[in-house]
Student: 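Provided herewith is a single structure, encoded as structure tokens, for subsequent inquiry.
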Amino acid sequence: MSFVEYSDLIRDGDVAIVYLGHESMMHVKVKQGAQTQTRYGVIRHSSDLIGRRYGSKVTCSKGGWVYVLHPTPELWTVTLPHRTQILYTTDIATITMMLELKPGSVVCESGTGSGSLSHAILRSVAPTGHLHTVEFHQQRAEKAAEEFKEHGVDGLVTVRNQDVCKDGFGVSGVADAVFLDIPSPWEAVGHAKAAMKRHGGRVCSFSPCIEQVQRTCEALAEEGFEEISTLEVLLRVHDVRTVYLPLPDFGTDLFAQTRADGAETKPQTPVALKTTTPPREMQGHTGYLTFATKPRT
């Protein structure tokens with residue numbers, strides 16, 4: 001099993017996603033003889049998971065059923081254990097597109113955190129790219145390295161435990177793109193520039209506060225970065241539903257034959273229409289994404 005390569009069958013040691021409902025999923029480490037408790041009953045790994053195909057419908061001990069799905073970066077984002085605040089799919093999709101990531105790209109990232117964005121980057125740059133990720137907190141760095149190995153992507157990533165603002169990324173002149181998610185990204189802009197290739201590349205900084213954005217933009221400009229821009233991504237999901245509306249009465253049709261006096265008028269039949277309604281509540285501000293381009297030198 002690998003997060004960047006699809007496998008047909010569930011094997012001992014895999015990480016699988018148990019789908020209980022659209023808003024309820026969990027990840028499990030498949031292990032011979034182990035059991036997983038759900039609200040629908042027990043899932044026995046030996047008989048219910050190992051050897052089954054990913055996507056199978058599994059019946060639990062209480063008679064309820066779940067689907068067992070192959071892990072993807074999107075599913076991992078909604079089921080991962082939170083060690084820090086994480087980036088979600090809305091921001092991740094924008095980041096991977098605006099950084100122009102593709103197979104073979106080399107990316108530097110700080111900080112690693114819970115690894116939500118890291119998994120999406122790894123799928124984008126696989127099979128020949130590489131991710132250099134830096135985490136200041138030692139235990140988080142060790143746990144991230146452990147997860148990358150469990151998920152079959154350890155050959156695509158190097159995890160370093162150091163302060164990126166003081167020690168940089170540990171590489172120079174190799175990165176096509178750099179991502180910063182740290183409290184003071186302006187202090188790491190110089191190291192980001194040093195890590196990037198001479199022919200240039202893209203950099204992105206994620207910051208929740210506009211004051212951080214201001215200082216980061218100033219640092220980017222001082223280091224010679226171009227095309228500096230900041231955006232905020234807000235997701236607004238509309239619900240589709242059916243409504244029944246009567247046909248409007250536009251008055252008498254002058255071209256139609258006049259009805260005889262006393263004729264009964266048939267009631268208008270409501271017409272079924274599809275419409276959308278905006279959400280009453282929606283997720284608000286997550287953070288600002290600042291992008292810039294390092295020109296060719």
Side-chain angles (χ1 to χ4, degrees), residues 1-8 10-11 13-17 27 29-30 54 69-81 83-84 86-89 91-162 164 167-182 188 191-192 194-197 199 201-204 206:
M1 183 278 306
S2 170
F3 271 57
V4 298
E5 259 181 50
Y6 183 77
S7 303
D8 285 330
I10 304 171
R11 296 173 295 182
D14 282 3
V15 174
I17 306 298
H27 74 275
K29 179 69 178 295
V30 180
Y54 278 107
L69 308 178
H70 193 283
T72 66
E74 291 81 10
L75 294 177
W76 182 246
T77 291
V78 296
T79 59
L80 60 76
R83 299 182 289 273
T84 59
I86 68 169
L87 289 172
Y88 289 93
T89 305
D91 288 319
I92 290 173
T94 304
I95 292 167
T96 55
M97 180 188 72
M98 296 292 284
L99 289 182
E100 302 174 4
L101 303 186
K102 58 186 180 298
S105 295
V106 177
V107 183
C108 290
E109 174 199 28
S110 182
T112 313
S114 301
S116 175
L117 176 64
S118 304
H119 284 80
I121 292 175
L122 288 169
R123 184 181 59 182
S124 299
V125 305
T128 56
H130 200 84
L131 171 64
H132 298 273
T133 184
V134 176
E135 173 57 51
F136 177 78
H137 192 275
Q138 182 179 354
Q139 291 181 332
R140 286 201 294 261
E142 292 173 352
K143 184 61 179 177
E146 179 185 330
E147 285 179 349
F148 290 141
K149 186 174 182 179
E150 286 183 355
H151 299 167
V153 294
D154 53 311
L156 298 171
V157 59
T158 301
V159 181
R160 292 180 174 86
N161 172 219
Q162 60 192 44
V164 71
D167 305 319
F169 292 94
V171 294
S172 60
V174 300
D176 298 291
V178 174
F179 176 77
L180 300 172
D181 183 5
I182 54 178
H191 294 297
M196 300 175 76
K197 293 179 179 178
H199 64 66
R202 296 279 287 166
V203 63
C204 174
F206 177 89

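These numbers come from a predicted model, not from an experiment. All values below were derived from every heavy atom in this structure, side-chain atoms included, with hydrogens, water molecules and symmetry-related copies excluded.
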Student: Take His119 and Phe3, measure what ring pair (Phe, Tyr, Trp, His ring centres under 6.0 Å) needs, and give me the verdict at the end.
Tutor: CA-CA 8 Å; His119 284 80; Phe3 271 57; 5.0 Å; yes

Student: Taking side chain as C-beta onward, heavy atoms only, is Val171 less than 4.5 Å from Arg160?
Tutor: yes

Student: Can you find a pair of side-chain heavy atoms, one from Leu117 and one from Asp181, that are under 4.5 Å apart?
Tutor: no

Student: Which one of Val106, Val178, Val174, Asp176 satisfies the side chain to side chain contact (heavy atoms under 4.5 Å, CB included) criterion with Met196?
Tutor: Val178

Student: With side chains defined as the heavy atoms from C-beta onward, is the minimum distance between Arg123 and Glu74 less than 4.5 Å?
Tutor: yes

Student: What closest approach, in Å, do His130 and Val125 show between heavy atoms, and which atom pair accounts for it?
Tutor: N-CG2, 4.0 Å

Student: Looking at side-chain heavy atoms only, is the closest gap between His151 and Val15 below 4.5 Å?
Tutor: yes

Student: How about Gln139 and Lys143: do any of their side-chain heavy atoms sit closer than 4.5 Å?
Tutor: no

Student: Find the distance between NE2 (His132) and OG1 (Thr112) and round it off to the nearest 0.5 Å.
Tutor: 12.5 Å

Student: Taking all non-hydrogen atoms of both residues, which atom of Tyr54 and which atom of Pro71 are closest, and how far apart?
Tutor: CE2-CD, 4.3 Å

Student: If you round to the nearest 0.5 Å, how far is CG of Leu99 from CD of Glu109?
Tutor: 10.5 Å

Student: Mind checking the CD1-SG spacing from Ile121 to Cys108? Nearest 0.5 Å is all I need.
Tutor: 10.0 Å

Student: Restricting to non-hydrogen atoms, name the atom on Pro127 and the atom on Pro103 that form the minimum distance, rounded to 0.1 Å.
Tutor: CD-CB, 4.4 Å

Student: State the CG-OG distance between Leu80 and Ser116, to the nearest 0.5 angstrom.
Tutor: 5.5 Å

Student: Gln162 side chain to Gly168 main-chain N or O, any donor-acceptor pair under 3.5 Å?
Tutor: yes

Student: How close do His27 and Ile17 get, heavy atom to heavy atom, and via which atoms?
Tutor: CB-CD1, 3.8 Å

Student: Between Gly104 and Thr128, what is the shortest heavy-atom contact and its length?
Tutor: CA-OG1, 3.2 Å

Student: For the atom pair CG (Leu87) and CZ (Phe179), what is the distance rounded to the nearest 0.5 Å?
Tutor: 5.0 Å

Student: Regarding Thr89 and Thr77, do their side chains bring together a donor and an acceptor under 3.5 Å, going by distance alone?
Tutor: no

Student: Just how far is it from atom CG of Asp154 to atom OG of Ser2, taken to the nearest 0.5 Å?
Tutor: 9.0 Å

Student: Can you confirm whether Glu142 is buried at CD, in the sense that more than 12 heavy atoms of other residues, nucleotides or ligands lie under 6.0 Å from that atom?
Tutor: yes

Student: Taking all atoms of both residues into account, what is the closest heavy-atom pair of Ser114 and Glu147, and its distance?
Tutor: O-OE1, 4.0 Å

